[in-house]
Amino acid sequence: DAPIEINLTGAGRQRVAQLRAVRDELSWKHSFRFHCMSGNKFAKHDDTYLYGIPFAAGQSVRVSQGAHGRFSHSDVGNMYAVDFDVPENTPVFAAREGTVVELEQAFTVGGPTEPLENANAVRIQHGDGTIGEYGHLRFNGAAVKVGQKVKKGELVGYSGNTGRSTGPHLHFDVHVPLSGQFSKSVPIQFFTGEVAGKVLEEGASYIRTEGALAGGERMPASQATSP
């Protein structure tokens, strides 16, 4: 019954366990189950990185729920997530460059009683090992494939209203996997045309500026503070 936890890297096959009978003359049987999560549990987030607003340049979007939001951003996996109030089918762009490691786009239903895991999503692994998640996308809403490398500002999908949701919006967070089936979101700041990074505020509206298109915006390490 003891769990085995393995951190796998690369595309190759790796043996994680081997079962054998303690006494060959006795019959025996076994069963197992496994769960996998994308990302590196030992990743350390680059706090100097400034994320881009994940929508078209010039489009104003309102934050319907920010970090530590009382509705659904109070647990460790979502405490630093940001929900953007946008209609279904709104183009969603990469807030940071990386490699697509996981996507789900088969779900069709959304509502306040739907399971959390029934939200369509694109997950992108960043250079520091963290995962950026774009959630509640529409059915067949991914515009990328697993293994694809995407640049900051590149189209990744279309917003929707799938999974546990009270209305159309985009959920965005950056997280690292924890032991078991859980993840931990990390504090992030966005580039909004200002010198320093910005923690997006609930109820406020923001526009992706031209400076966020090129990618690589960072603030001095001395200014990188956790929200």
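The first residue of the sequence shown is numbered 1, and numbering continues consecutively from there.
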S.K.: Does any part of the side chain of Phe55, heavy atoms only, come nearer than 4.5 Å to the side chain of Pro91, both counted from C-beta?
M.R.: no
S.K.: Are Asp46 and Arg96 close enough that some pair of their side-chain heavy atoms sits under 4.5 Å apart?
M.R.: yes
S.K.: For the side chain of Glu104 and the backbone of Ala106, is there at least one donor-acceptor N/O pair under 3.5 Å apart?
M.R.: yes
S.K.: Distance-only, no hydrogens or angles: does the Gln105 side chain make a donor-acceptor pair with backbone N or O of Ala142 under 3.5 Å?
M.R.: yes
S.K.: What residues, two or more places apart in sequence or in another chain, satisfy side-chain contact (heavy atoms from CB on, under 4.5 Å) together with Thr99?
M.R.: Lys149
S.K.: Looking at side-chain heavy atoms only, is the closest gap between Tyr80 and His175 below 4.5 Å?
M.R.: no
S.K.: Report yes or no: do Val109 and Phe139 belong to one cluster of Ile/Leu/Val/Met/Phe/Trp/Tyr joined by side chain heavy-atom distances under 4.5 Å?
M.R.: no
S.K.: Indicate, with yes or no, if Phe107 and Leu137 share a hydrophobic cluster defined by side-chain heavy-atom contacts under 4.5 Å among Ile, Leu, Val, Met, Phe, Trp and Tyr.
M.R.: no
S.K.: Within the side chain of Gln148, is there an N or O that forms a donor-acceptor pair under 3.5 Å with the backbone of Lys145?
M.R.: yes
S.K.: Which label fits His45 and Tyr51: parallel for a plane angle under 30°, tilted from 30 to 60°, or perpendicular past 60°?
M.R.: parallel
S.K.: Checking Ser159 side chain against His136 main chain: does a donor-acceptor pair fall under 3.5 Å?
M.R.: no
S.K.: Taking the side chain as every heavy atom from C-beta outward, state whether Gln59 and Thr90 have any pair of such atoms under 4.5 Å apart.
M.R.: yes
S.K.: In the structure I gave you, are the side-chain heavy atoms of His126 and Tyr49 within less than 4.5 Å of one another anywhere?
M.R.: no
S.K.: Measuring from Asn140:CG to Asn120:CG, what's the distance to the nearest 0.5 Å?
M.R.: 8.0 Å
S.K.: Where is the tightest heavy-atom contact between Val176 and Thr130, given as atom of each residue plus distance?
M.R.: CG1-CG2, 3.8 Å
S.K.: Is the shortest heavy-atom distance from the side chain of Asn78 to the side chain of His171 under 4.5 Å?
M.R.: yes
S.K.: On a heavy-atom basis, which atom in Gly135 and which in Leu170 lie closest, and how many Å separate them?
M.R.: O-CD1, 3.6 Å
S.K.: Below 4.0 angstrom, N of the basic side chain to O of the carboxylate: do Arg123 and Glu133 qualify?
M.R.: yes
S.K.: Fit a plane to each ring of Phe172 and Tyr134, take the angle between them on a 0 to 90° scale, and name the class: parallel (under 30°), tilted (30 to 60°) or perpendicular (over 60°).
M.R.: tilted
S.K.: State, with a plain yes or no, whether a side-chain heavy atom of Phe84 is found less than 4.5 Å away from one of Val63.
M.R.: yes
S.K.: Answer yes if Val92 and Val82 sit in the same cluster of Ile, Leu, Val, Met, Phe, Trp and Tyr residues linked by side chain heavy atoms under 4.5 Å apart, and no otherwise.
M.R.: yes
S.K.: Any idea which heavy atoms bring Ala94 and Lys151 closest together, and the distance?
M.R.: CB-O, 3.5 Å
S.K.: Does the side chain of Ile53 reach to within under 4.5 Å of the side chain of Phe190, using non-hydrogen atoms?
M.R.: yes
